Structure formats: structure tokens, C-alpha cells
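Below you'll find the structure, written out as C-alpha cells, and then a few comments.
The structure presented is a predicted model; accordingly, all values stated were derived computationally and were not measured. Order of appearance sets the numbers: ligands from 1, and atoms from 1 within every ligand.
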Amino acid sequence: MTMDKLMTEAMAAAEFSYSPYSKFRVGAALLCKNGEVIRGTNVENRSFGLTVCAERNALGTALSRGITEFEALAVYAPDADYAVSPCGACRQVISEFVSADFPVSFQGAEGERVDSTMGDLFPHNALDELKE
Ligand code: THU
């Protein structure tokens with residue numbers, strides 16, 4: 001699947017955003033090694049700190065279905081006029097399951113799509129030894 005198509009999936013996911021507080025919708029689409037695309041969106045709460053980002057919701061959905069191997073991630077933020085990259089917490093959580101060459105692309109309502117990798121977004125990854 002192309003990154004263009006995966007981004008279209010992220011756009012669709014953003015439509016379901018529950019973001020009445022920030023009014024900042026985000027959609028994520030995770031391409032799994034089995035070919036499935038798992039969507040996620042941000043879910044906010046009136047206790048603001050409980051918000052969960054689109055990326056972590058997509059990942060949690062995939063893991064809850066027993067899917068642990070991933071090909072790529074697309075993130076779309078329709079309320080931004082620039083490409084919004086995954087937050088620090090999401091970078092840490094995603095890094096648990098992918099390697100440095102894992103493609104991550106992000107896009108806003110305006111401007112170009114940014115094509116990056118997990119290694120670029122999360123350098124000096126540490127604590128891998130705890131997984132063994
Ligand atoms: N958000 C995401 O879902 N993903 C990102 O990559 C950036 C931030 C959400 C969290 C919150 O609901 C809103 O965007 C504003 O921060």
C-alpha cells in the first residue's frame with residue numbers, strides 16, 4: 001500500500017475524533033504486516049490529562065487484536081495548517097514495536113506531507129534490553 005493511500009485512511013479516522021476541548025482532530029492509520037490497516041483517532045476527556053492520542057489508540061486497537069508487526073504509520077491533522085508529528089509519549093510507545101527504519105508520515109490541512117522514520121523521530125532509543 002502506498003503512503004498516499006495510508007494517509008487517506010488517516011483522514012477518514014480523523015472524522016471520528018472526540019476532541020471537544022482542543023477542537024483539534026487527529027487521525028492515524030497503522031499499516032500492519034498482515035496487510036490490514038488499523039485506524040485510530042484522538043479521544044479527549046473532561047479530565048484533560050486522560051486524553052489519548054490517535055496514534056496510541058490505533059496501536060492499542062491493533063495489539064488488542066493480536067497484531068504486533070507493523071509496516072508504516074500515517075497521521076493526519078485536519079485542523080492544523082502544518083504537518084503535526086507524533087507527540088513524545090506516542091514516540092516512546094510506538095518505539096516498543098518498530099525499528100528505526102519504520103516509516104512515519106504526517107500531514108496537516110495545508111502544506112506538504114512529511115515523510116520521516118521512527119529513527120529520526122526517536123533517536124537514542126534506550127531500554128531495549130528490558131524486552132529480552
Ligand atoms: N494529538 C494526537 O492525537 N496526536 C498527535 O500526534 C498530536 C496530538 C491530540 C491530543 C489532543 O486530543 C489534541 O491532539 C491536541 O493536542
Sub-3.5 Å pairs, protein N or O with ligand 1 N or O:
| unit_1 | atom_1 | unit_2 | atom_2 | d |
| --- | --- | --- | --- | --- |
| ligand 1 | 3 (O) | Ala54 | N | 2.9 |
| ligand 1 | 4 (N) | Glu55 | OE1 | 2.8 |
| ligand 1 | 4 (N) | Glu55 | OE2 | 3.4 |
| ligand 1 | 6 (O) | Glu55 | OE2 | 2.5 |
| ligand 1 | 6 (O) | Ser85 | O | 3.4 |
| ligand 1 | 12 (O) | Asn42 | ND2 | 2.9 |
| ligand 1 | 12 (O) | Glu44 | OE2 | 2.5 |

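Side chain of Asp79 to main chain of Arg25: a donor-acceptor pair is present (N/O by atom type, distance under 3.5 Å, no hydrogens or angles). A side-chain donor-acceptor contact under 3.5 Å links Thr117 to the backbone of Asp120. Between the side chain of Thr51 and the backbone N or O of Glu44, no donor-acceptor pair lies under 3.5 Å. Panel note: side chain Asp101, backbone Gly119; no donor-acceptor pair is recorded below 3.5 Å.
Taking the six-membered ring for Trp, Phe48 and Tyr21 have ring centres closer than 6.0 Å.
At a threshold of 4.5 Å between non-hydrogen side-chain atoms, the residues Val104 and Leu121 count as touching.
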